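Below is one structure, written out as structure tokens; comments come after it.
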Amino acid sequence: MTNTTLPTDTQVLNSLKSVIDPELMVNIVDLGLVYNINIDEQTKHILVEMTLTSTGCPLGDVIKQHATEVLLAQYSGFTNDIILVWNPAWNPSFISEEGKQQLE
Amino acid sequence: MNLTSTQKAPSPNLVTPHFVLGGFSLVVVAFILMLYPSAVQQHYFNPVLLASTHLLVLGFITLICFGALYQLLPVILDVKLYSEKIGITTLFTLVVGVFFLVISFWNLNLKEVFYVAGTLISIAILLFTTNVFLTIKQDSNPSIEKLFVIAATVWLFITVILGFLFGLNLSFNFFDISHLELLKLHAHIGIFGWFIQLIIGIGSKLFPMFLLSYEASKKPLNIAFYTLNVGLLLGFLSLFSTSKSSIKIAVFLVLIAIGSFLYFIFETYTKRVKKSIDYGMKKAVLAVVILLIPFLIIISLFYFQSTEFSVTQSFLYGFALLIGFITMLVMGLTYKTLPFIIWLKLYKDYVGKHKIPMPKDLYSESTQKLQLLLFIGSLITIPIGILFSFKLIIRVGTIMLFAATIFYFLNILKIILHKRYLS
């Protein structure tokens with residue numbers, strides 16, 4: 001459902017749970033790939049800083065694009081940027097308990 | 001301009017023909033073995049085994065390694081492949097060369113057709129080596145994976161040149177070296193210098209990546225790199241020496257390398273976060289376990305050599321290495337590479353906009369499961385048939401092997417012929 005009101009970080013995070021890593025089949029939030037969310041009320045812009053499990057991952061653009069499309073569809077009137085960051089380098093300890101269960 | 005990781009991936013037009021032609025070659029190899037099962041009980045220097053072995057190692061394994069490497073080099077090094085045109089030229093030259101090589105071995109006529117084959121294959125490998133080196137040159141960061149790929153490519157080149165010279169020497173006899181020793185060296189440099197070295201290099205990146213396991217120490221990989229390459233170099237130099245001690249040291253060093261790699265994979269597997277693994281990874285892990293067999297055979301073959309069993313032992317050793325380990329691993333990793341490149345081509349512009357299938361939906365899992373069971377069946381029955389000289393068992397094993405390769409090839413075709421489906 002499209003939301004036109006100012007979303008919270010938690011809402012954005014929940015929306016990003018529909019973005020699945022096509023290899024691991026676990027969502028990017030539970031994988032611990034989403035590092036930071038910044039929502040600007042003035043410019044109606046959502047900035048997501050995220051990483052990938054591996055620097056050369058050929059699926060990187062696809063995962064970014066999926067996240068962009070999900071946020072555009074969920075938050076009408078909001079633009080967004082998904083930025084890949086490599087610091088701190090991702091490691092499996094970032095995976096949530098739910099994520100670990102899905103990998104078992 | 002900085003390219004993104006997806007933009008660095010090669011075109012499917014370069015990668016997919018390697019898998020199709022490679023898969024087809026494997027079917028032909030299995031078909032030949034099914035038609036001539038008695039060949040596996042004879043000395044390896046016979047037309048059927050020479051033709052089918054070269055079709056297997058060049059037409060299937062090397063071809064798929066090339067295709068996979070074009071796709072994986074950008075993942076490992078985070079750079080774009082230097083030239084796709086060189087890649088296509090390499091493919092064409094290699095395929096024609098292998099075709100002529102198989103014909104010349106089949107007729108056991110190492111004259112004109114063999115010269116053409118040897119020349120074409122040498123050109124193809126030179127082109128491949130150039131392409132890999134110019135790709136690697138773009139990345140200045142040192143890594144053990146990169147060292148393995150560089151060394152593997154160099155040994156591939158040496159293997160091909162050595163094989164070509166060996167064939168020419170049968171006609172012209174320009175150097176006085178035991179042909180059987182040269183053949184052994186050619187085979188071992190190819191298997192350990194090219195295939196296993198490449199597998200260690202690529203595997204050291206892919207196994208942790210697919211299993212989500214990053215706690216294993218990389219020290220065993222460093223040990224494996226130096227012991228493997230010093231061992232191979234020593235083995236190569238022993239060809240020009242009458243002393244047997246250098247070859248013993250060479251074998252010992254290669255054993256340390258294999259042991260180190262096995263330890264790295266064991267640590268990676270036991271410390272993995274991804275507990276449930278798909279059939280592609282199951283095959284890859286099982287292949288590594290099978291590597292223990294030739295590892296133990298090397299010891300028995302070398303230190304307790306018995307002339308009575310040497311032909312059988314030699315075949316079982318080669319079978320465990322080429323079919324049990326390398327072919328199984330290549331089959332498994334096919335499912336971790338090919339579906340992704342096709343999926344990216346068909347769906348990257350539709351992600352998030354439509355409900356789309358995932359890469360694993362591009363092939364049939366039940367076909368893959370059946371293929372694995374038949375393949376394991378052949379891995380058990382063929383060696384048993386050979387050990388007990390039971391022809392019927394060998395025949396059943398080769399039929400299972402053929403059926404397994406058919407299912408593998410059908411899945412490759414299913415992936416490649418997948419039509420975009422949006423809902």
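Keep in mind that what you see is a predicted model, and the values were worked out from it rather than measured. Quick note on labels: first sequence line is chain A, next is B, and so on, each numbered from 1.
In this structure, chain A has a heavy atom under 4.5 Å from the side chain of B:Leu344, while its backbone stays farther away. Heavy-atom distances place no part of A:Val70 under 4.5 Å from chain B, backbone and side chain included. Proximity to chain B (any heavy atom under 4.5 Å) is shown, for A:Ile63, by neither the backbone nor the side chain.
The two residues B:Tyr335 and B:Phe340 come nearest to each other via the heavy atoms O-CE1, 4.1 Å.
Within 6.0 Å of atom OH in A:Tyr35, more than 12 heavy atoms from other residues, nucleotides or ligands are found, so the atom counts as buried in its surroundings.
The residue among B:Met209, B:Lys360, B:Lys353 with the most heavy atom pairs within less than 4.5 Å of chain A is B:Lys353. In terms of heavy-atom pairs under 4.5 angstrom with chain B, the leader among A:Leu24, A:Thr68, A:Val19, A:Ile20 is A:Leu24. Most heavy-atom pairs under 4.5 Å with chain B, from the set A:Pro92, A:Gly99, A:Ala67: that is A:Pro92.
Both tests hold for B:Lys282 against B:Tyr279: distance to the six-membered ring centre under 6.0 Å, angle to the ring axis within 45°.
For A:His66 and B:Tyr350, the gap between ring centers reaches or exceeds 6.0 Å.
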Q: Give the intermediate values and the outcome of side chain to side chain donor-acceptor pair (under 3.5 Å) for residues A:Asp30 and A:Ser96.
A: CA-CA 5 Å; A:Asp30 284 325; A:Ser96 70; 2.8 Å; yes
